[in-house]
Asker: 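Input: one structure, supplied below.
For clarity, every value in this text was computed on a predicted model and none was experimentally measured. Excluded from the calculations below are hydrogen atoms, water molecules and symmetry mates; all remaining heavy atoms, backbone and side chain alike, are included. Whatever order the structure lists them in is the order used to number ligands and atoms, beginning at 1.
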Amino acid sequence: TTLGASAAARDGRVFGTAVAAGKLSDSAYTTILDREFNAVTPENEMKIDATEPQQNVFTYTNADRIVAHAVAAGQKVRGHTLAWHSQQPGWMQSMSGSALRSAMINHITQVMTHFKGKITWWDVVNEAYADSGGGRRSSNLQSTGNDWIEVAFKTARAADPNAKLCYNDYNTDNWSAAKTQGVYSMVKDFKARGVPIDCVGFQTHLTGGSSYPSNYRTTLSSFAALGVDVHITELDITNAPTGAYTSVVNDCLAVARCTDITVWGIRDSDSWRSGESPLLFTSSGAKKAAYTAVLTAL
Ligand code: XIL
């Protein structure tokens with residue numbers, strides 16, 4: 001069996017991977033991609049600097065390539081990401097105030113309209129919380145007003161009512177962390193006030209077995225209890241310890257609303273942290289012990 005088939009047999013879950021358009025011509029890469037995974041996230045190709053390099057000039061060539069490959073392979077697509085402080089094009093970096101607010105709204109509307117019907121989940125807002133303290137990260141978007149996140153979600157719902165709208169962040173794995181609690185309060189508030197949000201993504205970039213939080217399952221189930229799906233969106237773990245990978249899978253499977261596990265790349269050589277060998281396949285495409293551990297747990 002495979003990661004995707006095993007996940008699908010678990011109440012229709014998906015097991016996805018980040019994908020880079022530039023690697024779709026590498027047959028060693030696509031062989032593993034199409035054999036093992038039933039969902040994909042473009043690693044960089046749907047980010048703001050990629051899709052709107054100049055204001056109101058939209059480029060979709062590489063993103064479209066990934067979507068076309070996914071459709072042909074029967075894989076679902078996670079759109080990543082529409083509003084983020086990082087990987088903004090130069091024109092946006094130097095914007096502020098109501099002009100930036102309007103530009104954000106236009107960006108979300110244009111990009112979601114282009115991909116309408118092809119994207120199952122969108123990471124509407126990425127990494128809006130500060131690393132410590134439980135409050136918002138300071139950024140040009142945050143400076144447009146504290147309501148920027150809910151405006152982004154409302155805009156997204158109007159642009160593609162069928163897409164599932166997610167908030168995505170990192171270092172939100174430990175239930176005790178102030179950052180986790182900050183995001184939790186936001187989602188709770190959105191649910192209470194009817195701000196559209198369907199899912200929360202936990203990037204889960206872990207730095208080794210010892211960084212795996214024993215309360216991870218509590219984190220996932222607590223968010224799920226708010227009435228959102230929970231997704232593990234960018235999983236990678238330094239040196240790919242089998243125990244930590246197994247625990248992540250077990251914790252997700254224990255939560256009915258944990259419907260997606262996505263690793264952030266296929267082979268170690270594909271990883272943004274390639275020096276740390278954090279993925280499930282070696283650089284030459286062989287299955288690692290962590291692969292077997294994940295498949296066994298699924
Ligand atoms: C990373 C990509 O993997 C790199 O190729 C790129 O240079 C920087 O961004 N959180 C996210 C992802 O939400 O978009 C980031 O991806 C990793 C951290």
Side-chain angles (χ1 to χ4, degrees), residues 16-24 26 29 33 37 39-53 59 62-63 65-67 77-90 92-93 104 107-108 111 115 119-131 136-137 139 141-142 149 152-153 156 164-174 177 179-180 182-183 186 197 199-208 211 230-238 240 248 260-281 283:
T17 179
V19 162
K23 290 174 183 162
L24 292 176
D26 172 354
Y29 181 83
L33 170 62
F37 298 96
V40 298
T41 306
E43 187 171 1
N44 290 295
E45 292 79 353
M46 289 186 187
K47 291 174 180 175
I48 314 170
D49 58 355
T51 53
E52 195 178 356
T59 54
N62 287 327
R65 220 169 255 157
I66 291 176
V67 171
V77 182
R78 179 182 202 88
H80 176 81
T81 178
L82 297 165
W84 190 22
H85 69 277
S86 185
Q87 291 182 267
Q88 290 184 358
M92 186 179 272
Q93 289 175 34
M104 178 191 82
H107 181 82
I108 293 170
V111 175
F115 291 108
I119 306 289
T120 305
W121 317 270
W122 268 109
D123 288 331
V124 178
V125 172
N126 200 33
E127 302 181 347
Y129 274 74
D131 286 332
R136 297 283 179 81
R137 171 192 301 279
S139 70
L141 289 165
Q142 180 62 29
I149 298 180
F153 276 89
K164 299 294 183 197
L165 308 180
C166 309
Y167 175 81
N168 190 52
D169 214 328
Y170 66 93
N171 281 354
T172 46
D173 316 302
N174 188 332
K179 184 171 181 178
T180 308
V183 175
M186 176 189 73
I197 182 167
C199 34
V200 175
F202 299 83
Q203 292 183 12
T204 320
H205 295 294
L206 299 177
T207 49
S211 73
V230 290
H231 299 148
I232 296 165
T233 51
E234 305 183 12
L235 179 61
D236 53 17
I237 315 178
T238 308
V248 168
D260 174 353
I261 302 176
T262 287
V263 287
W264 204 240
I266 300 176
R267 304 162 300 192
D268 283 333
S269 52
D270 301 316
S271 172
W272 70 313
R273 303 162 66 190
S274 56
E276 300 171 45
S277 306
L279 296 175
L280 302 180
F281 293 88
S283 298

Asker: Between the side chain of Lys179 and the main-chain N/O of Tyr170, is any donor-acceptor distance below 3.5 Å?
Answerer: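 Pair found, side chain donor or acceptor close to backbone of Tyr170.
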Asker: So for ligand 1, is Trp84 a polar contact partner (N or O within less than 3.5 Å, distance only)?
Answerer: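 In this structure, Trp84 places no N or O atom under 3.5 Å from an N or O of ligand 1.
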Asker: Using a 4.0 Å heavy-atom cut-off, say whether Trp264 meets ligand 1 through its side chain, its backbone, both or neither.
Answerer: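 Side chain only.
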Asker: Identify the residue among Trp121, Tyr167, Phe202 that makes a ring-ring contact (aromatic ring centres under 6.0 Å, His included) with His231.
Answerer: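 Filter result, single survivor: Trp121.
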Asker: Under a 4.0 angstrom heavy-atom cut-off, which atoms of ligand 1 come close to Glu234?
Answerer: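 Matching atoms, with element in brackets: 10 (N), 11 (C), 12 (C), 13 (O), 17 (C), 18 (C).
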Asker: Nearest non-hydrogen contact with atom 6 (C) of ligand 1 belongs to which option: Asn168, Asn44, Asp270?
Answerer: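 Result: the heavy atom closest to atom 6 (C) of ligand 1 is in Asn44.
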Asker: Quick one: which ligand 1 atoms are inside 4.0 Å of a heavy atom on Gln87?
Answerer: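 The list of qualifying atoms is 8 (C), 9 (O).
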Asker: Suppose I only count heavy atoms of Asn126 and a 4.0 Å limit; which atoms of ligand 1 are within that range?
Answerer: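 In order of numbering, the contacting atoms are 11 (C), 13 (O).
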Asker: Under 4.0 Å from a heavy atom of Lys47: give me the atoms of ligand 1 that qualify, with their elements.
Answerer: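 Ligand 1 atoms under the 4.0 Å threshold to Lys47: 1 (C), 2 (C), 9 (O), 12 (C), 14 (O), 15 (C), 16 (O).
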Asker: Would you confirm whether Thr59, through its side chain, and Ala50, through its main-chain N or O, come within 3.5 Å as a donor-acceptor pair?
Answerer: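 Checking the backbone N and O of Ala50 against the side chain of Thr59, a donor-acceptor pair under 3.5 Å is found.
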Asker: Do Thr17 and Val263 have side chains that get closer than 4.5 Å, going by heavy atoms?
Answerer: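 Thr17 vs Val263: side chains touch.
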Asker: Would you mind checking which non-hydrogen protein atom is closest to atom 2 (C) of ligand 1, with the distance to 0.1 Å?
Answerer: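 It is Glu43 OE2, 3.4 Å.
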Asker: For Asn126, does its backbone N or O pair with a side-chain atom of Asp123 as donor and acceptor, under 3.5 Å?
Answerer: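 Checking the backbone N and O of Asn126 against the side chain of Asp123, no donor-acceptor pair under 3.5 Å is found.
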Asker: Should you measure from each heavy atom of Glu127, which atoms of ligand 1 turn up under 4.0 Å away?
Answerer: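 Answer, ordered by atom number: 10 (N), 11 (C), 13 (O), 18 (C).
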Asker: Counting neighbours of NZ on Lys164 that are heavy atoms of other residues, nucleotides or ligands and sit closer than 6.0 Å, is the number greater than 12?
Answerer: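 For Lys164, atom NZ is not crowded (no more than 12 foreign heavy atoms under 6.0 Å).
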Asker: Between the side chain of Gln93 and the main-chain N/O of Gln88, is any donor-acceptor distance below 3.5 Å?
Answerer: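 Yes, because the side chain of Gln93 sits within donor-acceptor range (under 3.5 Å) of the backbone of Gln88.
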